[in-house]
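The structure under discussion appears below in the form of structure tokens.
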Amino acid sequence: MASLKKILIKGGKIVNDDLSAFVDVYIEDGLVKDIGISLNYSESEDMKVINAAGKLVMPGGIDTNTHFQYPFTGSEYLEDFFQGTKAAVAGGTTMIMDFAIPKKGTSLIEAFDTWRSWADPKVCCDYALHVAVTWWSDKVKKEMEILARDKGVNSFKMFMAYKDLYMVNDVELYQAFTCCKNIGAIAQVHAENGDLIAEGAKKMLSLGITGPEGHELCRPEEVEAEATQRAVTIANSVNCPLFVVHVMSKTSAKIIANARREGKVVFGEPIAAGLGTDGTNYWHVDWCHAAAHVMGPPLRPDPTTPKYLMQLLANDDLSVTGTDNCTFNTNQKALGKDDFTKIPNGVNGVEDRMSVVWEKGVHSGIMDENRFVAVTSSNAAKIFNMYPRKGKIAVGSDADIVIWDPEATRTISAKTHHQAVNFNIFEGMVCHGVPLVTIAGGRVVYENGILNAVQGHGKYIPRKPFPDYVYSRVLQRDGVDQPLPVHRQPYEGEVIQLK
Ligand code: URP
Ligand code: ZN
């Protein structure tokens, strides 16, 4: 069993987002207690010494976007919070952020409590919850206030797609963004035009296109881009910070990059799937292969997309990486064997995100090791107000650490992965960058291929509103950027009479 030992990590190179240094790390009671050159602690029964010579010692990954245990699109879930977090730690991720999603017309707080009751006994690493706003009313507004004030929720996701299920309209977005701003939360959007998707899907089916390629054809890039631009515009009109989840297209990424260059407080989250593979898979002749890639927004058939997204991630045009991990086996995907609109949406990623970003980002020379830490961990901790407790190796930080071998390689495969799903969208990808040891909350939960994780050992991490990293500019602008009326002499002349 993974016990809470003292741990001394010797001889490695610590990599934070701002600095790398050859120093040792000492861990006790789940926290980093000391950092320094050649630390000298006397060895004891209850101390584990890890030799990290030649290895990188980095903050464990934070996956900002998972859906564990979620019965999505009518199909039963495949991975619960234990299975999901086990796969996370096997890949070097030590915290996940999942979504509590209420049905339209139902309570956000009840959804939050339900997701907590699913996650608390199961997680083997720390987690937090975003909450979805799928409808609008005064009750929803009050519940958002309570969630932000009392329940540690500082991020709310609005869906611009999934018509009749989760989709909200522009006025509802405006109200939800205004509320987020008032309570110090970050507004998140799934940016796709749900009306256009619904019409596009009917058109594809009428053309006899029933296979997974129809999924992309009915929601091309511009459907994502239009919604992204609309979300940016609405958020900016109420000076609300915006976080665009699962950015899948070059066009949408460019909109986010431009908004950031104009000074708007917007963050973009590409995901492992979009960085590691592409939408040509929807045209694969094997239906099972093609269907396994169905997710929303879809992977893009333009094969230059993954590299482009990685380049924007390296430049700070995009900010963090998640996975949108939401897995279904082939027999579940087969609900849509004759109609692509019935294929449950979602792919794997939680286990492989760190390796995919290292391989495609760092090994390829697009980003350095410090930027890797920024986009896999630190930026998420800053945006969602958990820094430096999370996202940094520093005295006092949580002992969430991955010891990484940048030279070793592994080949991703569904045959060897720790996820429950029978397909891996990265099958056969050879990745440099292998997690050797994962420490979550001060416990060694994964070491040299062996999982040692215990369900319930992870904790819910409450997050305070108004993160400085996001809100300093926002609040300052409120003070200096208010429009003012022009003071004029009243008009005294004639006014026509309307008939
Ligand atoms: O296909 C996806 N993305 N499944 C998960 C639900 C969502 O849209 O986030
Ligand atoms: Zn989504």
Side-chain angles (χ1 to χ4, degrees), residues 63-79 84 96-104 111 115 129-134 155-168 173 176 186-194 197-198 201 212 214-216 218-219 223-224 227-228 231 242-249 252 256 267-279 281-282 290-300 320-329 332-333 335-336 340-350 353 419 421 423 425:
D63 186 337
T64 45
N65 187 340
T66 66
H67 299 275
F68 297 143
Q69 216 157 322
Y70 186 46
F72 189 57
T73 330
S75 187
E76 256 310 295
Y77 69 82
L78 184 62
E79 290 175 330
I96 58 106
M97 305 183 77
D98 212 273
F99 294 85
I101 308 183
K103 293 201 168 82
K104 276 185 188 291
W115 257 262
L129 289 174
H130 315 289
V131 175
V133 175
T134 54
S155 44
F156 293 89
K157 174 173 172 181
M158 278 60 74
F159 291 88
M160 300 169 80
Y162 303 119
K163 192 171 176 180
D164 301 330
L165 185 62
Y166 300 136
M167 184 171 121
V168 288
L173 278 179
I186 294 114
Q188 300 175 290
V189 281
H190 173 131
E192 285 187 294
N193 185 320
I197 293 169
H215 177 75
E216 206 283 335
C218 77
R219 53 216 293 167
V223 170
E224 183 187 354
T228 304
L242 182 70
F243 184 101
V244 183
V245 303
H246 46 48
V247 177
M248 301 301 287
S249 65
S252 182
I256 293 163
F267 305 95
E269 172 209 66
I271 59 170
L275 295 164
T277 184
D278 64 50
N281 288 292
Y282 298 127
H293 292 79
V294 166
M295 62 166 306
L299 294 157
R300 298 303 173 188
V320 303
T321 54
T323 59
D324 202 11
N325 189 98
C326 187
T327 53
F328 300 97
N329 271 341
Q332 295 173 298
K333 291 271 182 183
L335 287 167
F340 66 84
T341 65
K342 299 196 168 65
I343 301 173
N345 284 206
V347 298
N348 64 289
V350 72
R353 177 184 65 119
Q419 304 218 214
V421 64
F423 190 93
I425 58 165

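Both counts, for ligands and for their atoms, begin at 1 and track the order of listing. Computed from a prediction, not measured in an experiment: that's the story for all the values here.
The minimum heavy-atom distance between G296 and H190, with the atom names listed, is O-CE1, 3.4 Å. Shortest non-hydrogen contact noted between G322 and E269 is N-CG, 3.7 Å.
Taking the six-membered ring for Trp and the full ring otherwise, the centers of Y77 and H67 sit at least 6.0 Å from each other.
Of all protein N/O/S atoms, those under 2.8 Å from the Zn ion (ligand 2) are K157 NZ, H190 ND1, H246 NE2, and waters are not counted.
Relative ring orientation between F99 and H130 is described as tilted, the plane-to-plane angle lying within the 30° to 60° band. Ring orientation note: the planes of Y282 and H293 are nearly perpendicular, at an angle over 60° on the 30°/60° scale.
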Kindly print each ligand 1 N/O atom paired with any protein N/O atom under 3.5 angstrom away, one pair per line, or none if nothing qualifies.
residue	atom	partner	partner atom	Å
ligand 1	1 (O)	G296	N	2.8
ligand 1	3 (N)	G296	O	2.8
ligand 1	3 (N)	D324	OD2	2.5
ligand 1	4 (N)	N345	O	3.4
ligand 1	8 (O)	Y162	OH	2.8
ligand 1	8 (O)	H190	ND1	3.1
ligand 1	9 (O)	H67	NE2	3.1
ligand 1	9 (O)	K157	NZ	2.9
ligand 1	9 (O)	D324	OD1	3.3

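Rounded to the nearest 0.5 angstrom, F340 CZ and E216 CD are separated by 11.0 Å.
Atom NZ of K104 has more than 12 neighbouring heavy atoms from other residues, nucleotides or ligands inside a 6.0 Å radius.
Looking at N325 and Q419, their side chains do bring a donor and an acceptor atom within 3.5 Å of each other.
For the side chain to side chain contact (heavy atoms under 4.5 Å, CB included) test with S252, the passing option among R300, E224, H246 is E224; the others fail.
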